[in-house]
Amino acid sequence: MATDSQVFEPPKQGEGFPQIEERVLRRWKEIGVFEKSLERREGAERFVFYEGPPTANGRPGSHHVLSRVFKDIFPRYKTMQGYRVDRKAGWDCHGLPVELEIEKELGLSSKHEIENYGIAAFNQKCRESVLRYVEDWNALTERIGFWIDLDDPYRTMSNDYVESVWWSLKEIHNQGRLYEGHRVVPYCPRCGTALSSHEVALGYKDVEDPSVYVKLPVTGQPNTHLLIWTTTPWTLPGNVAVAVGPEVTYAKVEHGGETLILANDLIERVLGEDAKATSTLTGTELTALTYDGPVFELNDRPPAPSPIISGDFVTTGDGTGLVHIAPAFGEDDYQVAAAHGIFDPTQQDTLYNPVGLDGTYDDRVAGFEGRFVKDKDLTEELIADLDRRGLLLKAQTYEHSYPHCWRCSTPLIYYAKGSWYIKTTEIREQMLAGNDGISWYPPHIKHGRFGDWLENNVDWALSRERYWGTPLPVWINDEDPDEQVVIGSYAELEQLSGQKIEDPHRPYIDEVTFPAPSGSGTMRRVPEVIDAWYDSGSMPFAQWHYPFENKEIFDEKFPAQYICEALDQTRGWFYSLLAVSTLMFEKPSYETVLCLGLILDPEGQKMSKSRGNVVAPWDVIDEHGADAFRWYYFTSKEPWAGYRFSTETVGESVRKFLLTLWNTFGFLVLYANAGDEDGANARPVAERNDFDRWALSRLQSTVATVTDRLDDYDATAAGRSIDDFIDELSNWYVRGSRRRFWDADPDAIATLRDCLVTVAQLLAPFTPFVADEIYTKLAGPGGEASVHLTDFPKPDDDKRDQRLEQDMATARAAVELARAARAQAKVKIRQPLGEIVVVASGEEREAIGRFEELILGELNVKSVRYVTDADELAKFELRPNFKALGPRLGKNMPQAKEAIAALDGAKANENLKNGKPVRLNVAGEEILLTADDVQVVLAPLDGYQLEREGTHAVALDLTVTEQLKREGLAREVVHAVQNARKDSGLAVEDRITLKLGGDETLLAAAREHEDYVAGETLAVVADIGGADSDEGIVATVEGLELSIVVAKTV
RNA sequence: GGGCGAUUAGCUCAGUCGGUUAGAGCGCAUCUCUGAUAAGGAUGAGGUCCCAGGUUCGAAUCCUGGAUCGCCCA
């Protein structure tokens, strides 16, 4: 037995969870717990986690807390299991969002204005802004207990990082997979800039556009025309083909003395009711034909047959079912033309594009040279020209929503711009095979959203005509664009150029030139930077400046076992990681990926600043604490389903779980200290009572469940099983063992302490603060300095007793039934009753017998009587076991159900118990029912206060004798005295002298049970009747007056 | 327009292989317990399992179609 005045340090009065957590945080820092937890696993097997880098140019929100706590829990768990889990933080620094932010700040609105402002100054602003909120991020990261090394993060803008990215691009170039092609982008011809999809979304307007039906003569078939439809006649000079749907049925129609070909389904809509098909043909048949191109006179393209090709995107939703293809002016057009070999996407100049960057036709378009393509007059003239040449069927207008430049309101055009690509289509099969080996949570992403995306892979458009990004390391001879050098390191560039590379960013890198290796001309860098997704996808090696240094570290930490981000990363980081590592290392860089859902407000709306429904993480933390926040995210639902979230919802998880846990902890500390007992002298577990062994068995079952679920990355089920255990521990074990704690029973204290210490370890990855607080207070001198330095508990099967757990469940069920019966009869528990009658047999009866004392205490009943044959209380009824009988009986099942209900339950039960089958007649056939085929249940007989469940029932003898009545009154008196103690501000362990006065009935009951009253109220001296009727505290008990005088003894 | 997911009590969510009487917590009402608790217990009200078909002896569960919401893509 401990000799200190305090066995365990008690929780501080009035300290809330947020304060406790801050205290724990300080201790972690002092001791260096995170660092220690890593040192402990020096040389151990690695568990590799990759941090997907956030951009720190804004304050972190609640959705960031979600991903950060899920990034934390599994590395903590694996660390406790003995793995070494290094965690390196990272920051994503480049990219268009950063630039847009600075543009807004500086009031710039075009690339032209940025260049006037100066790229050097602009990029400097970007550089400063990306880490603007890094302190906020670090503070929040630390406060929510996300353990990651914030002191040595990787930054995608650092020279080392950029160099590693360059190295990888050169490798890809050496593989022949880096090429210059075109990319069809939404383009503003006035601003001379391409727009991101985000910008495009800003500028949709409803406009009227021309709707033109054009006839294209079929080669060698006089007077026969393909009928095409377009809303952008300016694209017709760029026409190189016509696409048809392979599954679409086409028709030849006589119309105005000509034969027109169009989709069968669209004849009426395009040509009117009178038009009739004369014959039909399939899209595939059409592809055997050609038509006379080009549509407009072109100075470099003499008339020649043009191909008809098939395209899956062709529908009969509008138009004619024949789609004019101008690969320079449409994404579909570009892809389908490339796929049919009409041009070679890897050969820049094979794409036919007669429109310049300023949006005007070049010299090739005869008669329209220099005209702006979106000019209204031009459109009229183009239509008139078609009409004059007999190619126009009709021209109308068409109202639709069309994107405009959000800056200058010019209608955007889709336009093929020069762009650098990575030929990811070549590694598509490898990526698919790699994906097959990745574990996805939730699983449907793997072959759903992500798998589909991989199946439809197109080459990665890598370059961006922007400023703040990793510069594309391609140098081109200004005299011969075919001479190109891709640079893979600073040393290489320094050697070629003789210049020192201080900063690889624009504009400095643009100044670095060198003489062409061929001997004539100067090598200059292309102007583009690369897609920021490529940066983050390179983090497995670039974070280590691989291959320039840290080769061993990289080898050890590739691939990652675990990554975790929100669902929107499927086409972002999840893809870029897979693509880059498949290119570089021919395998995926991650084995398990957890996708998290979105954070919604309680109405199911996405949280956004504009809606004003954002919940700031600090509000939640200040009010409820980080553990509550974490616990809510982990256990409230499956994390990929999205969270309907508010500060109040988090509060529920505190009340329900953390407070129960905390109160249980407080209870143990209170009585361990009061009794000066730390449990060290408890008997071995095997010798402790059933209740103790039950709690420890349930604990071990919980350890097993938690381990099993966390191994499957299922924090939800794992956490819920801990929740269930704490509920049982608090509301059943502690509640049922209170007297033993008052007496400081070493077994009880050791048991509860053991449960709480182990639970603290189980909880350490979930709620690291409260877990550590409880652990360090209870672990004692043999424990570690922190729960996070301990090994995760392993399930101990020797302490598990399935039978005991089952028996306890039966006993609990009996208590619940009896409580329900009391409530029904409106007899409160304070009133003792004589007898409980339990209908049970076999194992159930044994179970109840085993916990009889507990049950009697819980129910305040004197004795239990068992009834095996329940006839006097209830009757048996039979119910079919559908699962067994359904497949056997099929259509006769409903009849059998009736027949079974009509059987004599008691007799059938008797037979079944003796192994005799029960005969049943259904549809003229005799059926033999065995015990497996039916369920026997109890139905109450009239006139009994009975509660039942299955074959199990409890009845109460409600007779209250005079003696029981007086005993009940004595309990009422105790209750009143306890209240008086509380009112007088006495501590629970204070001894008192007690004087009672008032109504004689009450005093008589108290006298009869004087020992009980004195014992319960810790009265050393009891003077029953010694108080005047108006002395002390006057209480009303059962309508009678009782005066109570309590005084603390010295 | 396409793909994926979701829809169960007032709210937040479970619901296994299809098994006939769909559960929990919160909230509400009534009662109750208290020598740990911001607590606990009991009872009750509260359900067209989104809708319509289908498969089946039997559907919240499987299939088809539709509706609504969300995400991604166009």
Side-chain angles (χ1 to χ4, degrees), chain A residues 11 16 197 313 315 317-318 331-332 442 444-445 447-453 455-456 566-572 595 597-598 600 602-606 632 635-638 640-646 648-649 651-671 674 716-717 720 723-724 727 730-732 734-735 738-739 741-742 815-824 826-830 858 860 879-897 937 947 974-975 978-979 981-982 986-990 1016-1018:
Chain A
S197 58
F313 60 90
T315 64
D318 51 19
E331 176 67 26
D332 282 337
H444 63 80
I445 308 271
H447 293 121
R449 188 176 286 198
F450 195 66
D452 286 347
W453 164 250
E455 292 278 358
N456 298 314
L567 201 57
D568 55 8
Q569 296 295 330
T570 352
R571 280 153 202 215
C595 301
L598 280 109
L600 308 170
E603 272 72 52
Q605 298 287 307
K606 190 176 172 174
Y632 164 76
T635 59
S636 71
K637 59 192 306 191
E638 287 177 316
W640 43 81
Y643 292 79
R644 293 198 173 189
F645 166 73
S646 68
E648 292 70 44
T649 338
E652 259 181 43
S653 69
V654 189
R655 278 191 291 280
K656 186 70 189 71
F657 174 69
L658 289 177
L659 272 176
T660 310
L661 172 68
W662 194 248
N663 291 332
T664 308
F665 163 66
F667 176 89
L668 171 67
V669 171
L670 178 62
Y671 288 107
T716 313
R720 285 177 180 177
D723 197 348
D724 290 344
D727 186 65
S730 167
N731 290 320
W732 191 243
V734 170
R735 181 188 165 86
R738 271 178 300 198
R739 264 163 213 283
F741 284 96
W742 302 341
V815 168
E816 269 155 32
L817 290 175
R819 275 209 281 247
R822 265 192 181 267
Q824 284 290 308
K826 297 206 185 300
V827 181
K828 52 183 157 181
I829 293 194
R830 225 179 285 150
E858 277 297 311
N860 196 15
R879 282 191 195 151
N881 178 359
F882 289 98
K883 208 166 176 175
L885 288 174
R888 232 165 82 200
L889 299 181
K891 282 189 166 47
N892 293 328
M893 193 63 229
Q895 268 177 282
K897 185 183 171 187
V937 296
E947 292 293 323
V974 167
H975 180 53
Q978 302 296 19
N979 285 337
R981 281 183 62 116
K982 225 179 232 173
L986 294 170
V988 291
E989 67 274 15
D990 287 342
E1016 289 293 301
T1017 61
L1018 300 184

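Proteins get letters first, then strands, A, B, ... in listed order; numbering begins at 1 in each.
A717(A) meets the side-chain contact (heavy atoms from CB on, under 4.5 Å) test with R709(A), D714(A); sequence neighbours excluded. Residues satisfying the salt bridge (charged side-chain N to carboxylate O under 4.0 Å, His left out) test with R738(A), not counting sequence neighbours, are none. Applying the side-chain hydrogen bond (donor to acceptor under 3.5 Å, both in side chains) test to H444(A) and every residue at least two apart in sequence or in another chain returns nothing. For N731(A), the side-chain hydrogen bond (donor to acceptor under 3.5 Å, both in side chains) partners two or more places apart in sequence, or in a different chain, are D727(A). Taking D332(A) as the reference, F313(A) meet the side-chain contact (heavy atoms from CB on, under 4.5 Å) condition, with sequence neighbours excluded. Listed by chain and residue number, P11(A), F17(A), I20(A), F665(A), V770(A), E773(A), I774(A) satisfy the side-chain contact (heavy atoms from CB on, under 4.5 Å) test with W662(A) (two or more places apart in sequence, or in another chain). Among residues two or more places apart in sequence or in another chain, the side-chain hydrogen bond (donor to acceptor under 3.5 Å, both in side chains) test is passed with E1016(A) by R739(A). Applying the side-chain hydrogen bond (donor to acceptor under 3.5 Å, both in side chains) test to E331(A) and every residue at least two apart in sequence or in another chain returns Q335(A). In this structure E455(A) satisfies the salt bridge (charged side-chain N to carboxylate O under 4.0 Å, His left out) test together with R428(A), sequence neighbours excluded.
Of the P atoms belonging to A29(B) and G65(B), the separation is 47 Å, rounded to the nearest Å. Using atom P as the reference point in both G23(B) and C28(B), the two lie 24 Å apart (nearest Å). Distance check on atom C1': A22(B) versus C69(B) gives 24 Å, rounded to whole Å. Across U32(B) and G47(B), the matching P atoms stand 28 Å from one another, rounded to whole Å. When the P atom is used for both G15(B) and G27(B), the distance is 23 Å, rounded to whole Å. Distance check on atom C1': U16(B) versus C73(B) gives 35 Å, rounded to whole Å. On the C1' atoms, A14(B) is 29 Å away from C31(B), given to the nearest whole Å. Annotation: A45(B) and U30(B) have their C1' atoms spaced 11 Å apart (nearest Å).
RNA chain B forms stems at B:1-7 with B:67-73, B:10-13 with B:23-26, B:28-32 with B:40-44, B:50-54 with B:62-66, each a run of 3 or more consecutive Watson-Crick or G-U wobble pairs whose two key distances fall under 3.5 Å.
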Atom pairs under 3.5 Å: protein N/O with N/O of nucleotides 56-58 of chain B:
from	atom 1	to	atom 2	distance (Å)
C57(B)	OP2	K891(A)	NZ	3.3
C57(B)	O4'	G890(A)	O	2.8
C57(B)	O4'	K891(A)	N	3.3
C57(B)	N1	G890(A)	O	3.4

Under 3.5 Å, which N/O atoms of the protein pair with N/O atoms of nucleotides 37-39 of chain B?
from	atom 1	to	atom 2	distance (Å)
U37(B)	O2'	N663(A)	ND2	2.9
U37(B)	O2	N663(A)	ND2	3.1

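Here the C1' atom of nucleotide C73(B) and the CD atom of E331(A) are 12 Å apart, to the nearest Å. Atom CZ of R981(A) and atom C1' of U34(B) are 14 Å apart (whole Å). Atom C1' of nucleotide U12(B) and atom CZ of F657(A) are separated by 18 Å, given to the nearest angstrom. Atom NE2 in H444(A) sits roughly 11 Å away from atom P in C4(B) (whole-Å rounding). Per the geometry, CG belonging to D724(A) stands 11 Å off C1' belonging to G25(B), to the nearest Å. In this entry the distance linking NE2 of H447(A) with P of C72(B) reads 23 Å, nearest Å. A straight line from CD of E455(A) to P of C73(B) spans 18 Å, rounded to a whole angstrom. Between E638(A) atom CD and G5(B) atom P there is a gap of 14 Å when expressed in whole angstrom units.
Here the side chain of L598(A) is nearest to one of C71(B), A14(B), C4(B), namely C71(B).
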Set out, in order, the CA-CA distance, both residues' side-chain angles and the distance that settles side chain to side chain contact (heavy atoms under 4.5 Å, CB included) for T716(A) and K637(A), then state yes or no. CA-CA 6 Å; T716(A) 313; K637(A) 59 192 306 191; 5.7 Å; no
Hey, mind stepping through T664(A) and V734(A) against side chain to side chain contact (heavy atoms under 4.5 Å, CB included) and telling me if it holds? CA-CA 8 Å; T664(A) 308; V734(A) 170; 4.0 Å; yes
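Across all non-hydrogen atoms, the minimal contact from W640(A) to C595(A) is CB-O, 3.2 Å. For the residue pair F741(A) and Y671(A), the shortest heavy atom distance occurs at O-CB, 3.5 Å.
At a threshold of 4.0 angstrom between heavy atoms, the contacts of E1016(A) include nucleobase atoms, whether or not backbone atoms are also involved. Counting non-hydrogen atoms under 4.0 angstrom, R739(A) reaches nothing in the nucleic acid. Among the protein residues, K883(A) comes within range of the nucleic acid bases, having at least one heavy atom under 4.0 Å from a base atom. At the heavy-atom level, V734(A) lies under 4.0 Å from base atoms of the strands shown.
Stacking of W742(A) onto the six-membered ring of G35(B) is present: less than 5.5 angstrom between centres, less than 30° between planes.
An OP1 or OP2 oxygen of A36(B) is reached within less than 4.0 angstrom by a side-chain nitrogen or oxygen of Y671(A). In this model, the phosphate group of C33(B) is not approached by any side-chain N or O of H975(A) to a distance below 4.0 Å at OP1 or OP2.
Toward the 5' end of RNA chain B, the nearer of the two residues F741(A) and R449(A), judged by each one's closest nucleotide, is F741(A). Along RNA chain B, the nucleotide nearest to R720(A) and the one nearest to L567(A) differ in position, and the one closer to the 5' end is contacted by R720(A).
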